[in-house]
Amino acid sequence: MKTGTTMKRNKALKTVLALSLMATVMTSCSSDDDTPEIVNEEEIITTMTVTLTSAEGTATLQSQDLDGDGPNAPVITADNLTANTTYSGSIELLNETETPAEDITEEVAEESDEHQFFFGLTGSIAEVTYSDEDGDGNPIGLEFELTTGDAGSGTVTITLRHEPTKPNDGTLADAGGETDIAQTFTVVVE
Amino acid sequence: MKNYLYVFAIFCSSFICAQDCHSILLGEIVDFHDNSTLSGATINITGKNLSTVSKENGKFTFKNLCDGVIELEISHPECTTKFVTITINGDTFSEIRLEHHLEELKEVKVIGDVPKATNSAQENVLSVKDIERNSGNSLGDALKKIAGVSTLNTGGNIVKPVIQGLNGSRILILNNNVRMQDMEWGEEHAPNVDVNANQNISVIKGAAAIEYGGDAIGGVIVLEPLPVVRTDSLFGKTQLNFSSNGRGGNVTSSLTKSYKSGLYIKAQGSYKKLGDLEAPDYILSNTGINESGLSLNIGKRDFEKGWDGYYSYFNSEIGILRSSHIGNVDDLINAINSDVPSIINDFTYDITQPNQEVTHHLGKLSYYRRFEGFGKWTTQYDFQQNRRFEYDIRVGDDADKASLDLKLTTHSVLTNIKFDAKEGFDFKVGALGRYQTNFANPDTGVRRLIPDYDKYDFGLFAIGSYEIDNDWTIDAGARYDFSRIDAKKFYRVSRWEERGYDVDFADIIIEDLGTQLLVNPVFDYHNFSGTAGLHYNLNDKDHLRFNYAYSQRAPNPSELFSDGLHHSAARIELGDLRIKSETSSKLSASLERNTITWGYTVAPFLNSIKDFILVEPTGVEFTIRGAFPVWSYRQTDAVLLGVDASLYNNWSSHIRTDHKFAWVRGTDTETDTPLINIPAANFTNSITYTNPKWNNFLVSLESQYVFEQTRHPDNIEVFSPEQQENVILDINTPPDAYHLLSLNTEASFTIKNKKDLNVGLSASNLLNTNYRDYLNRQRYFVDDMGRNISLRLIFNY
C-alpha cells in the first residue's frame, strides 16, 4: 500500500516536472526579435483633385494630406473661377502614400451604390447638379456640373459618404453613413 | 507485511520528530459575524486520519498531538470550508472564526467580510449567490454590488471595473493566483474572465496587497475557486439564464470530483449568446455577444505538500454599437446633438463590424511544500496568451480584415516562502520573474496602435503581520519591481517632429524609411511600494482598520506609444514617450460593526497621486476625412478623496434592508480642475423579504440613484468644417442623474436532493427608464439598456 502511494506521488511529481520542462522549452522557443514589418496604410485617401472644365479653360481644386491621420493638416488649393459659367466637374481620389499612387476613384466607382458625394455651397457658387448615377439610378457625384453666380467669393464643401442611405434628399443629415472625405474650398469668382 | 511496515514507519516518524506527543488542542468555532458559537462543524487534521465534530458550545478537542504546525480543515453545512494552520505548543487553545451564512437569512450577506489578503485594508467578498445572480453578466457588473466599485462601460457588454475612481492598469486582476495580462490598458478592453469560472471573488481596495503586485493603485480583484473538501465525492452545478433584453442567455456547468487523499479534479464550461440589446425606445444595433469559457483544474492538497494545475480558455466576440462608429468631428457633434442614434436596424443575433474578438488562454502549475518548524514554500509557473482582433467598417478587399490584431504572450515564475511557525506572527518573502512579448500583426494594413515590444519584470517582496494581542494586529510590507520595456515602433516623421521627439529621442532611431521612422525605445523603471496598517477590535462587534499604502506604477504601452486614429472610437490618441511612473500615497480607514441585527461600514480614503497619468480630449487635428478630436495622455498631480459607506438592518427575521453610498472627488491639483471620468456619487437602497419555510422564498426590491457628476473638465472648442466656424464640442458634459429600480425573487425546490433546484426571476431597470451614464463611452450616441427580465435555474447535484 505504501509503495502504491509513493509511486502515485512520484508519478504526480514527474508530471509536474515534465510540464514545467515543457513550459521552459516553450519560453525559450518564442523568438521574434526581428525587425517588425512596416505598414503603409492601404485604403487611405490622401488627395482629392476636382477638375472643373468650361469653354474658358480648366480650374482645379485640390486637397492633399500626405501624412493621413498625422499632425499635418491637408494642403488646400483652389483656382479662381469665372462668374456666371457652367463647369463640367470630375473628381479624382488618390492614395499618394504608395508609389505609384493608387487610384481610389475606381474603387468608389465600382462600389457606386455604397458611395455618394455631397456638395455644400455658399456665396457665389450657384448650383451643382449630378451628371452620373449608380446602378439604381441614384447620383454618385464623381461627375457633376457646377454653375457659378455673380463675381464674389464662395465656398464648396465636398463630402464623400460611405454607405449612405440611397436615395436621400440630398442633405448629409438624411444620407447618414460614414464620412470618407469632408473638405471645404474657398473660391474667388471673378 | 507491507501494512505492518507502514504502521511501523508512522510510529517511528512520530516518535522521532516530536519528543512530546501529549499536547491537547482545544478549539472553539465562532461565527465571524456575531461571535455566536457554531456546533456541528467537522474538523479534520489534514494529512492525518483524525477528525471530530464541534459540540453545542462550539468546542472541539484533539488529544495526543505532537508539537509543531498542523493544518485544520473546518467544514460546516452552512459555511464556506476553511483551512487554518495552528501551531501546537503544549496544550493549545484556538478560536476559529467561520463565515456562517445563517439559515434563516440564507445568503443575504452582512458587509465587512472575512479579511484574507491583508488585515488592515478594505476587503469585500462577493457571495456565491451574488455570483449566481450575475452569471449572465460580466465580472464588472457583479462587482458593482460592492460599495465603491463602479464600472467604465463601452455599451452593455464591455465592462471594466472601477475601484474608488480608478480603472484599467491600476487594477490588478488575479485569476487563480495568476495576474491577468489581457491588454487591460484600453478603455474598451474588458477583463477576459468568465464570471462563472470562480466562485470566490473578492476586492481589495487600494495597493495594500503588495504580494500580488506593487502597482495596483486602484485595487486588486481576486478570483479563486472554492476550496475542495477532502472527501470522496462527486458534485456538480448547472445554471441556465434567459434574458429578455438581448433575447438570449447563457448556460454554465461545473463538475467536481474529490478524493479523501486530497486529490481533486474540476471542470467547468460556459456559453453565452445575446443578440442586439435594447434601450427603452430603440434597438441598440450591433450590440450582441457570443462568449464561451472552459476551465480545468486538477490538483492535490495535502498538509505537507500539494500541487495544482489550472487551465482556462475564454473567448468573446462582442459587437460595438453601429451608430458609435462615426466619421469625424462633425459626425460626433451631430451625434451628441441628436437624441436618437443615426442607425437603428431590426433586431438580429448577427454581429458585424465594428466588433472585437478576444481569446485568452491561461495555464498554471503550482507546487507547495511545508517544512516542519519553518514554514511553507510555494512556487508557480504560469503562461498566458491574449489575442485581440478589432474589426472596423472597411471597404473593398479589406472589408473582413481586422484593423487591429495583437498577440500578447506572458510567462511568469513566482516563488514565495511563508514563515508561520510562530503563532501570531506571519512573515512572507517572495520573488517574481516575468517575460512578456507583444506582436502586432502588420497584415491588418493599418498602422499599429500598439507596437511590438518585449517586457521584462522582476519583483521582490516581503510582508508580515503580527498579532500583538487579541485586539491589535499590525501588518506591513515592502516591494521592489524592476520593469524594462523594449519596443520597436514606426512613427510618421511628421508626428515624430510634432511631438518634439526629434530633439529628445534622436538617438533611438534605427531606420529612416522616408515618411516613417523605425525607433527602438528601451525604458527601465524601478518602482518601490510599501504598506503599513493596523486592525483594532474595539470589542466583539466593532473593528477599526487603518492602512497606508505607497505604490508606483510604470506606464503601460498605451500611455507610452499610442499614436494614431483609433477608428472604432473616432479619435486620435497620442501617448508620450516621456511618461514616467506614477506614485500614489493612499490613506484609508474603516470603522465596522457587525451584529446579528445590524451593522455598518464607513470607509473614507485619501489618495494622492504624483505624476498621475490620464487621457483627455485636448483639441482636434485635420485630415482629409475632416477634423478628429485628439485625446492626449499627460501627467499631473492628482488627489482622489472619497468615502464608501454601507449599512444593513434586520428588522425582523424576515425583513432586512441594505443601504450603500459611495462618493469620490478627483482633482487635478496642478490646474485645480476636476479629473475626467470620475464616477458620480451613487446611493443604493434595498429591502428584502425572506421566508425559509416557503421554499427559501426571497423577494427584494432595489433602488439605485446615481447623481449627476457635476465635476468634470471643461468642454473644448473645435472648428467645425461643416459649419465653417468654431463650435463647443460637448464632449465632457455628463448626463443627468438617474434612478433605477430592480426586482429579484427566488425560491428553492427539491427534485432529488434537498433544495437542489433554485429558481430566480429578476428584472433590472424595472420601469424601463431612459438614462445615460457618465462612465459609458457610448453615452454620446444612445440611451443605456432598458428593462431586462431574466429567469435563472440553478441545479445542484
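Here is how names work: the chains are called A, B, and so on, in the same order as the sequence lines, proteins then strands, and each is numbered from 1. The structure presented is a predicted model; accordingly, all values stated were derived computationally and were not measured.
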Engaged part of B/L518 at the chain A interface, taking heavy atoms whose separation is under 4.5 Å: side chain

Any donor-acceptor N/O pair, A/D174 side chain to A/D169 backbone, under 3.5 Å: yes

A/L160 versus chain B, the contacting section by heavy-atom distance below 4.5 Å: neither

Choice from B/E511, B/K489, B/R322, B/E497 maximising heavy atom contacts with chain A below 4.5 Å: B/R322

Test item: B/N286 side-chain N/O and B/T352 main-chain N/O as donor-acceptor pair under 3.5 Å: yes

Interface residue of largest heavy-atom contact number with chain B, from A/T157, A/T184, A/T159, A/I76, under 4.5 Å: A/T184

Whether B/D302 side chain and B/K305 backbone form a donor-acceptor pair below 3.5 Å: no

Structural part of A/T46 lying under 4.5 Å from a heavy atom of chain B: backbone

Which atoms of A/E163 approach chain B - backbone, side chain, both or neither, heavy atom under 4.5 Å: side chain

Under 4.5 Å from any heavy atom of chain A - which part of B/I510: neither

Residues that B/K407 engages under salt bridge (Lys or Arg N to Asp or Glu O under 4.0 Å), provided they are two or more places apart: none

Check: B/S412 side chain, B/R434 main-chain N or O, donor-acceptor pair, under 3.5 Å: no

Side-chain ion pair, B/E621 and B/R495, N-O less than 4.0 Å: yes

Proximal component of A/T47, with respect to chain B [non-hydrogen, under 4.5 Å]: backbone

Carboxylate-amine/guanidinium contact A/D134 A/K166, below 4.0 Å: yes

Which atoms of B/I624 approach chain A - backbone, side chain, both or neither, heavy atom under 4.5 Å: both

Those residues of residues 144-152 of chain A, ordered by number, that approach chain B below 4.5 Å (heavy atom to heavy atom): none

Aromatic plane relationship, B/H411 with B/F383 - under 30° parallel, 30 to 60° tilted, over 60° perpendicular: tilted

B/T379 side-chain N/O to B/L414 backbone N/O, donor-acceptor pair under 3.5 Å: yes

Residues B/Y501, B/W496; criterion ring pair (Phe, Tyr, Trp, His ring centres under 6.0 Å); working and verdict: CA-CA 5 Å; B/Y501 293 157; B/W496 183 256; 5.2 Å; yes

Verdict with reasoning, B/Y264 to B/D308, per side chain to side chain donor-acceptor pair (under 3.5 Å): CA-CA 9 Å; B/Y264 54 88; B/D308 185 67; 2.7 Å; yes

Per-residue contact mode, B/D331 against chain A (heavy atom under 4.5 angstrom): side chain

Chain A contacts, top residue of B/A440, B/P451, B/G626, B/S494 (heavy-atom pairs, under 4.5 Å): B/S494

Side chain / backbone / both / neither for B/R447 at chain A, heavy atoms under 4.5 Å: both

Check: B/T437 main-chain N/O paired with B/D454 side-chain donor or acceptor under 3.5 Å: no

